[in-house]
Amino acid sequence: MANLKALRVRIESVKSTRKITSAMKLVSASKLRRAQIRAEAARPYAERMARMLSALAASAAGSPMAPPLLVGTGRDQTHLILAVTADRGLAGAFNANVGRAARVLAQQLQAQGKIVKFGVIGRKGRDFLRRDFADRIVFDVTFAGRKQIEFADAEAIATRVRGLLREGAFDVCTLIYNRFVSVISQITTETQLIPTPVPQGEARATPGARQAVYDFEPTEEDLLARLLPQNLAVQIYKALIESAAGEQGARMTAMDNATRNAGDMIGRLTLNYNRTRQANITSELIEIISGAEAL
Amino acid sequence: MPVALEIVSPTRLLLSRPVDMVVVPAAEGELGVLPGHAPMIVLLRGGLVRIFEAGKETSRLFVGSGFAEITPERCTVLANEAIPLAEVSKREAADRLKVAESIYEAVDKNDVAAREAAQEQLYSARVMGDLAQAP
């Protein structure tokens with residue numbers, strides 16, 4: 001028979017856990033709202049950039065002067081994987097999903113005899129990947145203790161990636177992050193960053209529509225040289241803020257479940273406690289009664 | 001038929017409304033956009049985006065750098081920022097100039113792309129300082 005004191009202590013401890021998880025859920029819910037608004041506000045720029053890029057890239061891709069950001073280095077030997085995770089845990093499988101996807105991709109590539117390098121954004125991802133690929137991590141970035149992610153942060157990462165490309169440290173760059181779909185659903189997504197996949201122009205998708213023929217000023221090459229780095233930063237920024245929104249969503253769901261589990265557990269423990277208490281009383285009564293009868 | 005003007009920054013849509021004419025600071029000189037303009041994609045440098053409505057100039061916005069996509073119906077400006085001219089601050093401009101100068105000093109002069117980027121940043125900060133009205 002479990003002892004009463006131990007049960008009481010246990011119930012108290014589960015209750016305080018429930019307080020924490022339900023507070024975390026509320027905090028995440030309010031952070032989620034803000035993060036979601038930011039993620040949505042960033043969409044127009046990315047859309048318009050893709051439109052301009054498709055117009056430009058279509059006319060420049062064939063030229064031998066095409067910059068390596070657009071067409072890559074012409075090799076496929078060294079892969080850089082950028083994994084975007086959160087800095088904090090307690091968000092269900094959010095961080096582990098990205099870590100696992102990165103590991104699977106890395107193992108596939110290594111099986112094909114390719115060299116894999118990592119750029120890790122977020123402390124949790126770094127801790128995860130350090131276990132298997134400690135010597136493969138080229139750089140890691142964390143935003144721990146920061147309230148918001150700014151565009152400048154994405155630019156800093158993009159500059160680093162471009163620097164690595166210039167040094168010839170990698171040929172192909174893939175970004176892995178959690179795309180925010182809804183509060184309960186974040187999809188782990190892989191996007192190729194370098195060489196830049198050229199988005200298909202809308203004009204081609206809708207036959208009959210007039211295909212705009214653009215003039216470029218200054219030249220296509222100059223424009224591409226400016227647009228591509230900006231595009232890289234925008235893609236990274238998009239991943240960062242989608243991941244930030246996803247993190248809050250995942251944490252909210254995880255904490256909601258934890259709060260409910262704690263409630264169930266308290267119910268079971270309380271029942272057990274009451275039964276035990278009643279059993280104790282009954283056995284004491286029996287002792288008294290049988291004692292009285294023996295006289 | 002007005003021009004549908006949009007000014008977008010990476011973080012949000014800054015402005016979206018139909019205007020009669022817009023003048024953008026293209027890298028090779030100012031460029032006025034009226035309805036029916038030939039489709040173009042241009043590089044922007046530091047300067048003013050000027051909006052004209054009903055025959056008058058109705059607003060002036062400072063943009064640091066960016067791109068513009070022009071079609072007969074619309075003009076889309078992609079800029080990192082667009083500050084109303086009255087709010088462009090001298091102090092901010094001076095700070096940026098200092099940053100831009102230090103970047104330019106540090107840049108590898110043999111790396112053409114990096115040098116040009118630094119020059120452009122320097123130019124943009126200078127223009128901002130010249131235009132600034134707020135302290």
Is the shortest side-chain N to carboxylate O distance from [X] to [Y] below 4.0 Å?
X: A:Glu47; Y: A:Arg43; value: no
X: B:Glu57; Y: B:Arg60; value: yes
X: A:Arg48; Y: B:Glu6; value: yes
X: A:Glu247; Y: A:Arg88; value: no
X: B:Arg45; Y: B:Glu120; value: no

Heavy atoms, side chains only, cut-off 4.5 Å: are [X] and [Y] in contact?
X: A:Arg126; Y: A:Thr142; result: yes
X: B:Glu53; Y: B:Arg17; result: yes
X: A:Leu223; Y: B:Phe67; result: yes
X: A:Val161; Y: A:Ile194; result: yes

Against chain A, residues from residues 76-99 of chain B with at least one heavy atom under 4.5 Å, in numeric order, are B:Thr76, B:Leu78, B:Ala79, B:Asn80

Between A:Tyr237 and chain B, with a heavy-atom cut-off of 4.5 Å, which part of the residue counts as in contact: side chain, backbone, both or neither?
side chain

Under a 4.5 Å heavy-atom cut-off, does chain B meet the side chain of A:Ile241, its backbone, both or neither?
neither

Under 4.5 Å to a heavy atom of chain A? For B:Ser16 that would be neither

Give a yes or no on whether the backbone of B:Ala4 and the side-chain of B:Arg74 come within a donor-acceptor separation of less than 3.5 Å.
no

Residues 164-182 of chain A vs chain B, non-hydrogen distance cutoff under 4.5 Å, contacting residues -> A:Arg166

Which value, rounded to the nearest 0.5 Å, describes the distance between B:Leu122 atom CG and B:Ile103 atom CD1?
9.5 Å

